[in-house]
Amino acid sequence: MTVRDPQRRAPPLPPAVFPPVDGGANDVPDDAHIAGSTGAPAPVEPPSIEPIAPARKPPARRFFIPEVIQSSKMDCGPAALKALLGGFGISVHYGRLREACRTSVDGTSIDTLEELAGAFGLDARQTVVPTDHVPLPAASALPALVVVKRPHLGNHFVVLWNRVGPYVQVMDPAAGRIWVRWSEFAPSTLKYRATVPTKDWRAWAESPAFLSPLDSRLRSLGVSRRDADALLDLARASEGWLGLGALDAAVRFCASLQQAGIVRGSEAQTVRAMVERVHASFEERFDLLPRPYWSVEGESPEDAMVASTGVLLVRARLATEVRAPGVLHTAEEGTALPKELQAALETRDERPEQELAKLLAGESRVGLALLTVGALVTPLGMICQTVLLRRLFDLAPDLGMGMQRVGAGVLVVGFLALLGALEAGVYAGMQRLGRVLEMRLRLAFIQKIPRLQDLYLQSRLSSDMAERSHMMHVVRGLPALAFTGARALVGLVATVVAIGMMDSRLWTGTIVLAVLSVVLPLAFRQRMTEQDMRARTQLGGLSRYYLDSLVGAVPLRAHGAQTALGREHEILLTGWMRSSLQLLRTMVSLRFVQATVGAALCITLLTLHLGSQGVTGGMLLVAYWIMGLPEHAQQLAGVIQGYPAARNVALRCMEPLGAPEVAPRPASPAPLTEVSRSQATGISLHGVSVEVSGHRLLHDIDLDIAPGSHVAIVGSSGAGKSTLLGVLLGWYPVASGSVRLDGRPLEPSDIEDLRTRTAWVDPAVQLWNQSIAANLTYGQEQVGSGDMARALESADLETALQHMQGGLQTRTGENGLRLSGGEGQRLRLARALLRPGMRLALLDEPFRGLDRTTRRKLLGRAREHWKDTTLLCVTHDVSETQGFDAVVVIEDGRVVERGTPEALLSVPGSRYRALLEGEAVAQGLLHDAPAWRRWRLEGGRLVE
Ligand SMILES: Nc1ncnc2c1ncn2[C@@H]1O[C@H](COP(=O)(O)OP(=O)(O)OP(=O)(O)O)[C@@H](O)[C@H]1O
């Protein structure tokens with residue numbers, strides 16, 4: 001049965017699938033939500049275009065679903081979708097997908113995920129399936145995206161991939177790929193209750209999607225083929241929902257009695273008796289078959305609507321018909337994907353090996369070639385060394401006493417010294433190469449960060465980015481790892497050849513040992529890569545936790561939230577510990593298997609070799625080489641084990657390098673020092689809507705602001721005032737409509753330039769843990785002392801500075817922690833006032849934390865300073881707005897009123913007037929009522 005948003009245009013449905021239903025979800029999922037049933041706004045409505053892309057060759061479905069781990073709970077939707085697509089061999093770039101889920105795409109909505117799966121090449125259908133039908137092959141419900149409930153994550157998407165015996169393979173973005181018993185997994189699934197027309201339910205219940213699993217359940221009860229057919233025919237003969245519904249409930253009830261050992265054997269008679277009794281006395285149906293056993297319910301047998309309960313899932317198959325990828329197929333036939341999703345489809349996954357090779361492109365080829373030859377020659381040298389020593393022992397009796405013996409000694413020592421020098425050279429070369437690689441990667445990373453688009457940074461945790469940078473040192477070891485691997489391989493091959501040449505009967509045994517040394521670790525490699533990535537991502541989650549806890553340490557203590565914090569820590573730590581333990585177990589298992597197999601083969605080879613000859617020098621040499629084989633094998637295994645970790649780190653560090661960049665800033669004229677009114681920015685918004693994570697924050701905003709005018713923006717909390725300023729700062733790409741500045745459309749390439757001529761004052765502006773002077777002049781090359789003094793005076797900071805021992809050199813602490821809230825705000829204002837030539841000033845609650853008199857004074861000074869600049873001021877102090885050229889009132893993301901303050905005030909019942917009157921009432925109650933005693937803190941003393 002398909003459950004979808006009734007407000008959205010539904011696709012033509014196949015006959016055995018439910019049409020749109022009245023959702024009636026009993027739970028509102030948290031990080032997963034059912035858009036239709038929670039009343040969320042309709043998602044994605046991209047412009048319609050012709051499908052263009054050619055159909056792709058259908059890839060093969062994998063037995064193991066790839067892991068996609070995500071520590072941020074908002075990303076479980078995209079992570080589950082990426083894994084599902086990966087399981088079908090469809091490649092979608094995960095980074096771009098996450099970024100897309102910060103725009104008009106709601107990655108937490110099951111409707112959107114269904115639609116995206118369709119657009120990326122799957123035949124995906126949202127259905128509600130009775131819980132016990134889900135794992136049955138007859139129901140064909142798997143693979144599917146499933147909503148589950150998790151104690152610390154709320155509702156959460158996972159992929160239910162396949163079933164083997166009693167186990168199902170689940171890809172949980174919070175925990176990775178797990179095998180779990182269905183009986184343990186089933187209780188965690190979200191039970192969804194949908195109200196549907198009885199005729200549609202009946203049509204579905206008569207289809208194989210319902211009848212086949214029901215038949216298979218009947219057979220599992222031990223009911224014979226003939227009896228099962230008779231029961232099904234009887235149920236179908238009954239009109240409406242009751243016949244099939246009662247049979248379904250009776251079978252479920254009998255199965256649970258059988259499981260509990262209460263009844264045994266074929267239950268055909270019991271089931272028939274139960275169904276007949278339900279028909280005979282409908283009112284007592286729940287006494288006969290308790291309610292939890294029913295997957296469908298109606299008020300009467302003839303009820304036109306029924307409530308159907310089951311697991312909510314999106315069932316996925318490879319699309320059978322020829323489809324154009326990148327086109328929405330489910331809801332809006334043939335409409336193009338939003339460009340962010342198109343990017344996810346078109347961007348290829350990162351290949352760290354290639355990228356690392358590119359980083360080394362500047363290195364001398366001769367040097368690299370020499371290093372490679374040196375690394376490969378040294379293991380051969382070791383073989384030659386043993387042969388040489390061995391020959392020396394043979395020749396020793398024949399050598400004369402004098403010069404011959406000295407000459408032989410010099411030859412051997414010279415050879416050993418050459419070999420040692422070669423080893424040292426190769427080692428030093430590898431170390432240097434590692435350092436060069438790390439340094440270039442760090443440089444590329446650091447240079448890339450400022451060029452990353454806002455969307456990228458908004459969709460990543462800062463702690464995650466910090467962890468990537470922190471772990472970059474691992475990349476330094478990659479060249480050494482590669483050379484160690486190559487040397488171990490050459491050493492292994494050379495030893496096998498040497499042994500084979502000495503004793504031809506050992507060829508097979510040594511080759512088997514060598515092949516196993518390579519194949520065994522390779523067989524474990526995929527598993528170790530995934531387990532390492534899982535542990536690493538969970539470590540990233542832990543870093544985020546530590547960072548957040550440190551930043552919020554004071555309020556956490558103040559609110560006594562240590563226990564809750566400890567619990568979260570425990571959950572994260574347990575997850576990480578489990579993943580790390582799994583990885584360790586895999587590594588130890590591999591070592592164990594390899595050591596056991598290696599030892600067994602070595603003993604066999606030695607026995608074979610020693611048994612055939614007496615003790616000779618050559619025999620000892622072969623024995624020495626045989627015993628050295630496991631050593632080479634262990635080295636190789638170590639490299640294959642260490643590689644996933646190093647590759648994962650490299651992959652995470654390289655991921656931002658390929659991300660889209662901000663558009664390059666076109667050459668702009670030299671910044672102005674003074675702005676005249678005609679040079680100020682004129683703003684024109686027409687039909688502007690903004691969507692974040694699929695939720696519409698601004699709706700059809702129409703606004704014209706003349707250059708140099710001062711506009712106040714008011715409205716209740718959460719109305720969308722800051723979002724409107726965010727559009728002008730370029731943070732929110734508009735979903736529809738147009739933004740024009742000075743008559744020209746605002747293009748992504750204009751945003752950097754716009755920001756250089758915009759003064760922004762907001763409590764969110766970061767204060768650096770540096771001196772006040774450094775904070776004031778941040779981002780400016782030269783600031784005159786006169787300008788500095790004027791800015792300090794305008795922002796009323798002079799008196800505050802007099803009380804600070806260090807004066808302008810006083811450090812502000814982390815984000816201004818050592819300043820009072822009001823001082824911090826004044827510092828932010830002074831910083832903005834110091835920037836010359838600003839054509840636009842955006843003030844968002846600029847004086848939060850200051851008293852009313854100071855607020856008025858500072859606002860007056862700011863307006864005087866930017867008198868010819870276009871100024872937009874978001875404020876909750878409505879009375880302050882009366883002197884502005886215009887006022888805009890925003891409610892629920894819409895402009896509900898705009899005009900001069902006088903004009904708005906003159907309209908009885910206007911929103912603006914109501915806000916002003918409400919403020920006056922609150923003011924009277926709080927400040928002017930005689931009942932209050934008035935205390936003031938002056939210089940740290942309380943005075944009345
Ligand atoms: N990055 C975001 N992702 C999702 N929703 C957001 C995001 N930023 C803001 N919102 C939501 O958009 C709505 C408008 O927020 P906005 O900050 O613009 O309100 P505001 O009018 O400035 O409120 P206040 O006066 O409290 O500052 C809020 O409901 C908020 O939860």
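Atoms within each ligand, like the ligands themselves, are counted from 1 in listed order.
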List every atom of ligand 1 that sits less than 4.0 Å from any heavy atom of [X], numbering the atoms from 1 in the order shown and giving each element.
| X | result |
| --- | --- |
| Y732 | 8 (N) |
| T723 | 14 (C), 15 (O), 16 (P), 18 (O) |
| E845 | 25 (O), 27 (O) |

Consider ligand 1: state whether an atom of it lies below 4.0 angstrom from any non-hydrogen atom of W731.
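Under 4.0 Å: no for W731.
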Does even one non-hydrogen atom of Q458 get within less than 4.0 Å of ligand 1?
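No heavy atom of Q458 comes that close to ligand 1.
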Check H695 against ligand 1 and report side chain, backbone, both or neither, counting heavy atoms closer than 4.0 Å.
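Within the 4.0 Å criterion, H695 makes no contact with ligand 1.
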Regarding [atom]: of the candidates [options], which has the closest heavy atom?
| atom | options | answer |
| --- | --- | --- |
| atom 24 (P) of ligand 1 | G718, G726, P763 | G718 |
| atom 5 (N) of ligand 1 | L698, L697, V727, V874 | L697 |
| atom 26 (O) of ligand 1 | A764, S722, S717 | S717 |

Does the protein place any heavy atom closer than 4.0 Å to atom 14 (C) of ligand 1?
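Answer yes: something from the protein, a heavy atom, is under 4.0 Å.
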Is atom 31 (O) of ligand 1 less than 4.0 angstrom from at least one protein heavy atom?
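Protein heavy atom within 4.0 Å of atom 31 (O) of ligand 1: absent.
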Please indicate whether R744 has more than 12 foreign heavy atoms, meaning atoms of other residues, nucleotides or ligands, lying under 6.0 Å from its CZ.
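Atom CZ in R744 is not crowded, with 12 or fewer foreign heavy atoms closer than 6.0 Å.
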Out of V146, L145, V147, which one pairs with V158 under the side chain to side chain contact (heavy atoms under 4.5 Å, CB included) rule?
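Result: among V146, L145, V147, V146 is the only option passing the side chain to side chain contact (heavy atoms under 4.5 Å, CB included) with V158.
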Is a side-chain donor-acceptor pair under 3.5 Å present for Y456 with E655?
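Yes, side-chain donor-acceptor contact under 3.5 Å.
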For R911 and S716, which I'm curious about, is there any donor-acceptor pair between the side chains at under 3.5 Å?
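Note: R911 and S716 side chains miss the donor-acceptor criterion.
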Centroid-centroid under 6.0 Å between W731 and W760 rings
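Yes; W760 has its ring centre under 6.0 Å from that of W731.
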Short N/O distance, under 3.5 Å, between V692 and ligand 1?
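No, since none of the N or O atoms of V692 sits under 3.5 Å from an N or O of ligand 1.
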Stacked cation flag R898 on Y912, 6.0 angstrom / 45 deg
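No.
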